[in-house]
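Inspection log for the structure reproduced underneath, given as structure tokens.
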Amino acid sequence: MSAVESVLKKHPGAGRDALIPILQEVQEDEGYLSREAIAEIGKHLGIPTAKIYGVATFYNQFRFQPKGKYHFMVCRGTACHVKGSNRVLETAEKELGLKPGQTSRDRLFSLEVVACMGACGLSPVMNLNGEFYAKVTPQKLVKIIQECRETEGGDGR
Amino acid sequence: MIEMQVDGRTIEAGEGETILAALKREGIHVPTLCHMEGLPPSGACRMCVVEQEGTGALLPSCSYPVSPGMKVRTRSPKVLNARKTIVELLLSNHPDDCLYCVRSGNCELQRLAEAMGVRQRSLRGAKNHRPHDVSGAVVRDPDKCILCGRCVRVCEEVQGICCIDFVGRGCKTYIGTTFDQGLNVSTCVNCGQCIVACPTGALTEHSCLNEVVAALSDPDKVVIAQHAPAVSVSLAEEFGVPAGQDVDGKMVAALRLLGFDWVFDTSFTADLTIMEEGSELAHRIASGGVLPMFTSCSPGWIKFVEQFYPDLIPNLSSCKSPQQMMGAIIKSYFAEKENLDPKKVVSVSIMPCTAKKFESGRPEMGRDHTPDVDYVLTTRELGRLLRMFGVNLMGIEPQTADNPFGERSTAGKIFGASGGVMEAAIRTANFLLTGEELPKLDVLPVRGMKGRKELRAKIGDLEVGAAVVNSLSGARKMLDEIRAGRSDLQFIEFMTCPGGCINGGGQPIGIDPDAAKARMAALYKIDETAKLRVSHKNPYVKRLYDEFLGKPLGEKSHHLLHTKYAAREVL
């Protein structure tokens, strides 16, 4: 049974109001919302796929590409913004060659923007695979990415 | 009734109605943008604000209910300023290319900017840049979109499709398809209702005007036009004439002036459809075939069944639509008769419809890698072509269409209105089964704009359960009933657009129920005074069977006039 099927099985006879919990559970299991998943959820709930895509894109929490091995979450909350998180994000986009929500073709890297991580005292803050990085600067970020690449056997480029 | 005050004047309003509804009845104009007559208010654009006296609050009149003693002002400085600011904000990220826009001169945003006195660009914002989404029938240009949501609502609430929706949030919102995969792989049925609902140039038909102009000026090509029943009662609107005037003869003369070598009337093949479809229904009833039989004239409806109700495909009549029947006999019978090379014939149809563009491109709608219909122009595109060629439609002397496919019964003509196919079929079925004409040819229960009309028709000894359904949300309800086991119906007419082709997605811009009604009335007026009112008496249809086709459902008909459908995977 696919992950989507087992999630849907937990919601028999569900209606429109179950959409967001189902999307969350599917993403929890699969790491993202695939086209196939959205089509299947649509059939189960009787909701057109365009509507589901509309709802899902409204919220920052949903991804439409699988997470990379190194998943970067850059905080763009108010405190981080004041401390220059826009430059951190710019650097991440440039160094990784990704826009927020995207995953690199080799599935090594993915980038996500979050509104606030609740760690304003450490701002600007970033999270890589669950680990927090405090007072991130563009220089620090470049180094972190380089280290990831070196671990993967690349030359850091 | 309650009393309220508007601009110092006392008016009466119905309890529970919106301020806008009350103002409208009093003839007080308030500009609107996202508002759609007949649908629940959305209150998204705030264009319709009025000022509440005392509190000074700006109330959205489209969605705010009236209350006793309410005092509002519809043209106070505060109101006018708010409306102007709204337009300025909408313009701030809009492309500055009105001169190049197909909707220039017919754009609600342009009209509002003019009416609100916007004379300079006081707000500048980042422009939108998103790729165009082009399908065989519809083109979406998200840069011109002002997010009023009318296309989304007509697609979801009227047609029950919902292939587009708001994607994203805040200033990054845009209208998109599932996973931004485009209309082609979406559930879009190409009905074009979004186009007529769009206030700007964000939605247009996929035009093939250039190809038609090229064909008209190519001496090697024989260019043949056919025009659908609903075009002659709406084309005049493109030239500023109020809805409901029939310009059939003028249009035929105008098409000749444009350089078409032959001008045929699709109503002729509507008569032919009645002969074929009527015979198919009689055959299904006699042989215990699949019932109820569904009509197959409306290509949006066909795609709808293929993608949402593939289990009911056997219920669809195998008859091609009148457009495709005409296309098939032009490039076979007619080409043969006139000694024309079918490869040199350019077959152009003028349709009130965008889904016809999609239909003409279906691979099964042609032979030897040549499509039966090469290009489909909407009513709007014909209007543009006439303006381009400087043809003054309203000043031309009327002419009649060419034979052998120019003579039509008015049964074929009323195909343009919801219920028309059913009425034409009942007239002919009665004759075929009893040998006598109906004493009164008018079948009133199937007429009108209502979404569903049902009737039990007695034809000779046979009692037939018949239904007429228009708009696809209505079709969905009917098909669900049939899936659930409803079995008292034998024949159902389905039309994609509300009211039928007179309100099609290729018709003059605007979602005005009164315009659709006026066009419908014009069709029935033509029928009322006509001599030839039944398809089976059309002498040229008889001749076509005698000289070429043989008999309805015969072998030639099977090859040329009938088709197959298949289930479709869409996103």
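Throughout, protein chains are lettered first and strands after them, A, B, ... in sequence-line order, and every chain is numbered starting at 1.
Atom NE2 of H81(A) is surrounded by 12 or fewer heavy atoms from other residues, nucleotides or ligands within 6.0 Å. Other residues, nucleotides and ligands contribute only 12 or fewer heavy atoms inside 6.0 Å of the NZ atom of K143(A). More than 12 heavy atoms of other residues, nucleotides or ligands sit less than 6.0 Å from atom CZ of R169(B). Counting heavy atoms of neighbouring residues, nucleotides and ligands inside a 6.0 Å radius, atom CZ of R483(B) exceeds 12 of them. When the shell of 6.0 Å around CZ of R87(A) is examined, it contains 12 or fewer heavy atoms from other residues, nucleotides or ligands.
If you measure heavy-atom distances from I164(B) to chain A, the contacts under 4.5 Å come from the backbone alone. For I52(A), no part lies under 4.5 angstrom from a heavy atom of chain B. I161(B) touches chain A through its backbone: at least one of N, CA, C or O sits under 4.5 Å from a heavy atom, while the side chain does not. Proximity to chain A is limited to the backbone of C163(B), based on heavy atoms less than 4.5 angstrom apart.
Between T178(B) and K51(A), every side-chain heavy-atom pair lies at or beyond the 4.5 Å cut-off.
When all heavy atoms are compared, the tightest approach of A50(A) to C162(B) is CB-O, 3.4 Å.
Here the OG1-CD distance, from T49(A) to Q181(B), works out to 10.5 Å after rounding to the nearest 0.5 Å. Y53(A) OH to L571(B) CG: the interatomic distance, rounded to the nearest 0.5 Å, is 10.5 Å. For the atom pair CZ of F179(B) and OG1 of T57(A), the computed distance is 9.5 Å after rounding to the nearest 0.5 Å.
Counting heavy-atom pairs closer than 4.5 Å to chain A, the top-ranked of the candidates D180(B), T187(B), V570(B) is D180(B).
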